[in-house]
Amino acid sequence: MRTMRSFLAYFLLCVHLVSSPNNAFASFSSSSSSSEAKALLKWKGSFQNQSQNNLTSWTYSPSNSTNPRANASPCNGWTGISCKTIGSVNRINLSNSGIQGTLRELSFLSFPNLEYLELSFNELHDAIPPQISSLSKLIYLDLSSNHLSGQVPPEFGLLTKLEVLHLNDNKLNGSIPHEIGQLKFLSELALSQNSLEGVIPASLGNLNNLISLFLHQNQLSGSIPASLGSLSNLTTLNLHRNQLSGSIPPSLGDLTNLTFLFLYQNNLSGTIPEQIGNLKSMVDLELAMNQLNGSIPPSIGGLSNLVFLYLRDNQLSGSIPQEIGNLKKLTVLELDTNQLSGHLPQNICRGGSLQNFTANSNQLTGPIPKSMKICKSLVRVYLQDNHLTGNISEEFGAYPHLYIVDLSRNNFYGEISPMWGLCPQLATLRIAGNNLTGSIPPEIGNATQIQALDLSSNGLVGVIPNEIRSLTSLLSLNLKGNQLSGHMPSEFDSLKDLEYLDLSTNRLNESIPSILGNFSKIHYLNLSNNKFSQEIPFQLGNLVHLSQLDLSYNSLEDQIPSEISQMQSLEILNISHNNLSGLIPKNFEQMHSLVQIDLSYNQLQGPVPNNKAFQEGALEGNERLCGNVAGIQPCNKHSSKTDRRHLFLIVFPILGTLLLVHAVLAIALVGKRRKTEQDTGQSDVQHKEVFSISEFDGRIMYEEIIKATNDFDALYCIGKGRSGSAYKAKLISGSIVAVKKLHPTLDGEETSRKEFLNEIRALLEIRHRNIVKLRGFCSHAHHSFLVYEYIEKGSLASILSKEYEANKLDWSTRVRIVKGVAHALSYMHHDCSPPIVHRDISSNNILLDYEYEPVVSDFGTAKLLNPDSSNWTARAGTYGYIAPELAYTMKVTEKCDVYSFGALALEVIMGRQLADFMSSFSTSSANGDILLKDVFDQRLPLLHRKLRMN
Ligand SMILES: *[C@@H]1O[C@H](CO)[C@@H](O)[C@H](O)[C@H]1NC(C)=O
Ligand SMILES: *[C@@H]1O[C@H](CO)[C@@H](O)[C@H](O)[C@H]1NC(C)=O
Ligand SMILES: *[C@@H]1O[C@H](CO)[C@@H](O)[C@H](O)[C@H]1NC(C)=O
Ligand SMILES: *[C@@H]1O[C@H](CO)[C@@H](O)[C@H](O)[C@H]1NC(C)=O
Ligand SMILES: *[C@@H]1O[C@H](CO)[C@@H](O)[C@H](O)[C@H]1NC(C)=O
């Protein structure tokens with residue numbers, strides 16, 4: 001009911017609105033003014049929207065009812081209406097008034113004196129009525145930027161006073177009526193941006209007064225009528241983006257006032273008429289994107305006002321006329337994608353105005369002309385894909401405004417000029433595919449704005465300069481296909497915005513630096529065909545935007561880091577032709593974006609991940625892979641179920657840990673003391689320049705390690721501790737070792753030295769699965785270091801601190817870690833004589849191997865580092881793991897390790913250090929209550945059900 005009523009109310013309101021103006025004028029006499037007012041109000045009443053807001057003045061106003069007639073005249077303050085004489089409208093200007101309507105409801109006959117009709121930028125639609133021709137005094141008609149459709153009425157030909165006709169930017173179709181040619185006073189004709197088709201009527205040539213002719217962006221076809229050559233007042237002729245064919249009429253050369261000639265994007269053929277050279281006023285000549293052939297007429301050198309010359313994408317041949325060098329105002333010259341040959345004009349930058357010169361994809365030969373080498377105005381230079389030659393290093397390169405330069409794929413030779421560094425605006429430098437030699441000059445680092453640098457496919461040698469670090473704007477770096485050598489400098493670290501890096505096909509060696517993992521925006525990384533060795537850094541897993549990774553044809557080894565599976569955008573992975581071994585990480589199954597994979601020719605083994613990209617990938621040359629893939633042996637069914645019995649330990653993790661602690665203590669108290677006699681006299685300590693105790697030849701090992709770590713370069717550093725820094729070194733034998741370089745204090749007095757060395761010998765004897773193997777010790781005037789086996793996954797502390805890694809340490813793995821450390825301690829405390837005390841058990845000293853088996857590192861070194869080894873010592877150990885009694889008494893017993901072990905076990909359960917936990921605990925919960933479930937590492941799922949069952 002309510003809707004019905006409101007509908008009726010609305011209906012009545014509308015009837016009232018529509019009828020009232022008519023009523024108001026019913027009493028008026030039929031003067032011209034009142035018929036104009038009626039016509040305008042009728043038209044306004046036909047508008048679809050309520051945009052009449054703009055036209056509130058167009059109405060009968062009751063407050064002026066005393067003089068209704070004066071008010072009713074449109075000449076009295078109606079918006080957009082002007083009158084020449086009182087009572088006769090001569091101008092309607094409603095441009096941009098938001099009108100939504102048609103011209104059908106406008107009674108043109110009512111405006112016998114109208115001279116200006118301006119309705120542009122509205123939403124007028126439907127056709128232009130032929131009756132518009134009754135506006136016989138019309139001088140100016142602008143209907144542009146509306147939605148008018150239908151044809152251009154031939155009746156326009158009757159508007160013989162018309163000087164300006166703008167119908168551009170509508171939806172008009174059909175052809176241009178030849179009657180337009182009768183508008184002999186026309187100075188501006190704009191029919192552009194419609195859907196007009198057919199030919200340009202030759203009659204337009206009669207428009208003697210025409211100054212601008214805009215017919216661009218239509219579907220006009222046929223040829224350009226030669227008659228247009230008679231439009232001697234024409235300054236602008238714009239016919240671009242049509243389907244005009246045939247050749248450019250030589251008569252256009254008669255248009256001596258022509259300033260802008262736009263014929264681009266048509267199908268024009270034939271040659272450029274040499275008469276074009278007569279157009280002395282020409283500023284902007286655009287003939288690009290046609291099928292023009294023949295050569296560029298030398299007469300073009302006569303266009304002394306020419307600023308812009310666009311001839312690209314044609315079939316022009318012959319050489320660029322030297323006369324172009326006469327064009328002193330020439331600023332933009334585009335000649336790309338033609339068949340031009342010969343040398344560049346000597347004076348090409350004679351006027352010193354040339355900014356943008358593009359002539360790529362031609363057959364140009366010879367050197368860069370001298371005028372261009374010193375042309376300070378240059379902004380953009382594209383000369384790629386020609387046969388240009390000459391020594392690129394000579395002078396080429398100090399331009400204050402130069403922004404883009406591409407000289408790729410020519411025959412330039414010589415070295416890269418250090419002058420490029422003197423182009424402060426340079427954003428793109430490409431000199432790929434030439435015969436460049438020498439090394440990359442460090443001065444390139446001065447071009448700090450550079451975003452794209454492409455020096456690929458040349459003969460560059462030497463190392464990548466460290467100055468590369470200054471190019472912090474770099475987005476794309478391509479150095480592929482040279483003979484660059486040395487390692488990838490750690491300075492790459494500062495190229496944080498890099499999105500594209502191709503260093504393939506060079507002679508780069510050593511390891512792939514882990515800093516590549518910091519390139520958070522990179523999506524293309526290609527290091528293939530180099531001499532990179534050692535393992536793939538797991539940090540590459542951080543590159544979540546990477547879509548293509550190619551590390552093929554190197555000497556990479558060890559396992560594929562499972563972190564690679566974190567690259568969720570990776571589509572193409574090629575690590576073929578390396579020495580990678582081990583299993584393909586199982587979590588690769590989750591890499592859903594992968595479409596193409598090549599693992600061929602490695603030593604990979606085990607099952608192929610169950611993922612389409614892997615099943616269809618190139619896997620050949622890995623003899624020990626298995627799976628349901630054609631050409632590969634099926635896998636043996638062997639259940640790798642985790643030992644479910646471990647799970648019960650999780651049930652009461654705290655209790656379990658305490659039990660373990662007690663077990664260790666119990667063993668400590670009652671365990672049998674097995675004394676293994678040490679044969680201390682078996683080898684004499686040799687006092688050479690290099691002193692060593694090891695399973696290898698000491699001197700050779702010393703030299704190898706110095707070499708492998710590049711004299712302890714920070715690049716190889718894998719960790720720092722109190723006693724020294726650890727380095728990773730790859731020996732010639734292929735084995736990888738961790739080298740702990742000790743602080744120099746060690747070379748102490750001779751008296752304590754003997755005892756110290758005996759201890760090292762004792763440590764060398766230890767063989768336990770959960771204790772890192774000490775493989776040797778070297779001492780030299782410069783360095784003393786301990787050599788350990790290398791444990792792949794790094795420290796427990798670093799793994800627990802990373803969310804992704806910590807999630808992989810499930811509860812059963814954590815139990816295994818705690819048990820492993822207990823085994824190691826038990827062995828050192830009870831099976832060694834004298835017992836060896838670690839004194840610094842902490843998550844930093846527990847390393848994990850590939851199977852997450854814990855390995856205690858640095859056993860005994862705390863004591864070794866204080867050679868005056870009494871049991872009363874300065875405090876060793878790490879805050880948070882030190883037994884309180886040791887902190888006060890400084891007495892060293894096995895019990896210190898047991899206390900630290902307890903702290904460690906809790907840390908494994910909680911996922912954070914006991915000290916951190918205690919401090920947050922004491923501040924957060926006032927009453928001291930804490931729930932067991934809040935103690936567990938929150939990153940792992942809780943095992944509620946298991947808890948209840950027990
Ligand atoms: C009424 O008409 C007078 C002139 O006749 C004009 O100045 C005035 O602005 C008009 N008032 C209204 C409300 O339109
Ligand atoms: C009419 O209205 C439109 C918006 O509807 C506005 O942009 C324009 O400026 C107005 N014109 C006049 C003459 O008030
Ligand atoms: C050029 O236009 C002027 C008026 O602007 C006119 O007088 C003259 O006749 C025109 N030129 C020609 C050749 O028609
Ligand atoms: C055309 O050029 C002539 C002389 O070059 C000049 O007198 C005349 O004003 C120009 N016409 C227009 C419309 O610019
Ligand atoms: C020259 O090229 C630059 C870079 O492409 C461009 O930004 C600029 O607009 C061009 N200048 C002219 C005058 O066309």
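Below, each value reflects all heavy atoms present in this structure, side chains not excepted, and no hydrogens, waters or symmetry copies. Given the structure is predicted, the values throughout are model-derived calculations rather than measurements. Just follow the structure's listing: the first ligand is 1, and inside any ligand the first atom is 1.
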Nearest protein heavy atom under 4.0 Å from atom 11 (N) of ligand 5, yes or no: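 Yes, there is one.
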
Residue and atom name of the nearest protein heavy atom (relative to atom 6 (C) of ligand 5), distance in Å to one decimal: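 For atom 6 (C) of ligand 5, the nearest protein heavy atom is Asn356 ND2, 4.1 Å.
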
Identity and separation of the nearest protein heavy atom to atom 5 (O) of ligand 5: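 In this structure, atom 5 (O) of ligand 5 has Arg380 CD, 3.3 Å as its nearest protein heavy atom.
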
Sub-4.0 Å heavy-atom approach of Thr331 to ligand 5: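 The answer is no, since Thr331 has no heavy atom less than 4.0 Å from ligand 5.
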
Any side-chain heavy-atom pair of Asn209 and Leu186 under 4.5 Å: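 Asn209 vs Leu186: side chains apart.
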
Ser97 and Asn122, any side-chain heavy atoms less than 4.5 Å apart: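 Contact flag for Asn122/Ser97 side chains = yes.
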
Among Tyr403, Phe357, Tyr310, Tyr382, closest by any non-hydrogen atom to atom 4 (C) of ligand 5: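 Selected option, by shortest heavy-atom distance: Tyr403.
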
Atoms in ligand 5 flagged as close to Val332, the criterion being non-hydrogen separation under 4.0 Å: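 Atoms satisfying the 4.0 Å criterion: 12 (C), 13 (C), 14 (O).
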
Residue pair Gln363 / His387, side-chain donor-acceptor N/O under 3.5 Å: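 Not at all, the side chains of Gln363 and His387 share no donor-acceptor pair under 3.5 Å.
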
Distance-only side-chain donor-acceptor flag, Asp493 / Asn518, under 3.5 Å: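 Yes - a donor-acceptor pair under 3.5 Å links their side chains.
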
Presence of salt bridge, Arg312 and Glu286, under 4.0 angstrom: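 No, this pair does not count.
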
